[in-house]
There are 2 protein chains.
Amino acid sequence: MNLALPFTYKEFVLLHPLSIEGICKEIYQDNRNSIKIKKEELAIKNLTKIMKTVIKISHKQGFHAMSLRDLSRESELSMGALYNYFSSKEEFLNMMYIQGQALINKIMQESIRAGQNSSERLLRGICTHLYLSESISKIFYFFYMEAKSLKPEDQKKAITMEQFTENVFEELLKDGIQNGEFEIPYPLLTASAIKALLQDWYLKRYKYSERKISVEEYANFLIRFVYQNIENTNSKELK
Amino acid sequence: MNLALPFTYKEFVLLHPLSIEGICKEIYQDNRNSIKIKKEELAIKNLTKIMKTVIKISHKQGFHAMSLRDLSRESELSMGALYNYFSSKEEFLNMMYIQGQALINKIMQESIRAGQNSSERLLRGICTHLYLSESISKIFYFFYMEAKSLKPEDQKKAITMEQFTENVFEELLKDGIQNGEFEIPYPLLTASAIKALLQDWYLKRYKYSERKISVEEYANFLIRFVYQNIENTNSKELK
DNA sequence: GTCTATAGCCGGATAGAC
DNA sequence: GTCTATCCGGCTATAGAC
């Protein structure tokens, strides 16, 4: 079976120039009502600055521990100015979360659909997730850590990225079993394992960085690690 | 190769009746100076109640978001009483962390050393970690989530459980390669993957619980998943 | 040893000048 | 649109009665 990566990280980034700015643009356009600043360009510029600062400060001790005074100082916007962009600290977290997840899920779905068969779709799914989390690793980390900081009502609305990822891979594996491409003793646990190994890449970013392991190296490792457990040996022999 | 579990969860629990009480006993004995209550039995009883409550409340929104008023109410000790057991909120976190980790690391080391060869030690390592995290899953989850809440000085002192686990498995795998039991293309990444999959068990406890997957089932899955990638096929054929 | 009461500070949020 | 000044509730930590 051909386990070559379907695309490189560079190719992916060129195709999906994903950025915090991009997410903030969507946040602005979906929240024109509640955001008091009417000049789009300025609003997006400041939203981006706020979001980057939130992620930076929260990284250390979590969103709850970040005070708006911290945020005001580091984002170089006054307390008053901040409140033109959101109506409460909590609401801002919610906006970031909803908008960011929607964008990520969309890219994942599109990329996987482009695969011709289950095996190709699995390779694309793994690569896309890794490359996405590489290009905006701070956001992935933030979402993972702060999911439980959402209000309970919003928590239910937002299917976590977590569960979404796992479901995508579970369906993918089951399709592959049905059409004979894969042979998997525990598809559910296997999907869960893939998800855990994808998460490790962005949750432990510093570790892999220290060890100078590139995202493509990790992708290759992960694909081989998984394929040892899902390859249909009959279909391999036929080739 | 024989991949049967070296012991069941029940056997493990009987051998290591690990509990929050046990950790609190050690906390008390190591902090006699700073804890103002002198009756050992009473002190441990209250410490246990405090620690259980801390873990329970922190589970929802993190240690930082837990106020001492919350803790006082739910632990049924007054604010004043609490301060007989610690000198600050932060210091209590520190005590819990240091003491808990020491105990966990000790049990892991002892259990692994009892294995006769690399393969047996690996099986024991995986099972011990899973069973440990099963019996005190809330503590494992708490430690994982709150590691970054420690003061920077304490963070450096305490090698995270995370890194400890990974190092243990890395050495184990390398030993196995040296003596010909294993054949592993990327031992470092493999150790990292084992750790990630062990973590998933306690970080996503609710998920496995919902799906009615027992800790032994997960242990079996994990062992097989890993062995597909490390088995020395030459040595297998010889058998 | 445990309690209640409170000091003193810091947080989110807002009002109103510019 | 952005700022400074301020309100006020909630927080940690402590003092002192029982």
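Chain A is the first sequence line, chain B the second, and so forth, proteins listed ahead of strands; every chain is numbered from 1. Heavy atoms only: backbone and side chains are in, while hydrogens, waters and symmetry mates are out.
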Task: B/D154 and B/Y97: side chain donor to acceptor below 3.5 Å - done: no
Task: Between D/dG10 (P) and B/R73 (CZ): distance, integer Å - done: 12 Å
TODO: Report the distance from atom CZ of B/F92 to atom CE of B/M51, rounding to the nearest 0.5 Å.
DONE: 6.5 Å
Task: For atom CD of B/E90 and atom P of D/dC11, their distance in whole Å - done: 18 Å
Open item on the list: Are B/E21 and B/K52 packed together at the side-chain level, in the sense that at least one heavy-atom pair is separated by less than 4.5 angstrom?
Closed with: yes
Open item on the list: I need the OH-P distance between A/Y83 and D/dT4, as an integer number of Å.
Closed with: 16 Å
TODO: Walk along DNA chain C from 5' to 3' and tell me the first and last nucleotide with an atom closer than 4.0 Å to a non-hydrogen atom of chain B.
DONE: C/dG1 to C/dT4
TODO: Mind checking A/N46 for me? I need base, sugar-phosphate or nothing, with any heavy atom below 4.0 Å counting as a touch.
DONE: sugar-phosphate
TODO: Take atom CZ of B/F92 and atom P of D/dT12, then tell me their distance rounded to the nearest Å.
DONE: 14 Å
TODO: Decide whether A/K207 and B/S192 meet the rule of one side-chain donor and one side-chain acceptor closer than 3.5 Å.
DONE: yes
Task: Bending between helix ends of the helix from C/dG1-D/dC18 to C/dC18-D/dG1 [5 pairs per end, 10° resolution] - done: 0°
Open item on the list: What contact category does B/F86 fall into here, base, sugar-phosphate, or nothing, at under 4.0 angstrom with non-hydrogen atoms?
Closed with: nothing
TODO: Can you tell me the distance, in whole Å, between the CE atom of B/M79 and the P atom of D/dT12?
DONE: 6 Å
Task: Residue pairs involving residues 191-214 of chain A (criterion ring pair (Phe, Tyr, Trp, His ring centres under 6.0 Å); sequence neighbours excluded) - done: A/F140-A/Y202, A/W201-A/Y208, A/W201-A/Y218, A/Y208-A/Y218
TODO: Give one of base, sugar-phosphate or nothing for A/S67, where a contact means two heavy atoms less than 4.0 Å apart.
DONE: sugar-phosphate
- [ ] Could you please spell out the steps behind the side-chain contact (heavy atoms from CB on, under 4.5 Å) verdict for B/Y144 and B/S133?
- [x] CA-CA 11 Å; B/Y144 181 88; B/S133 65; over 6 Å; no
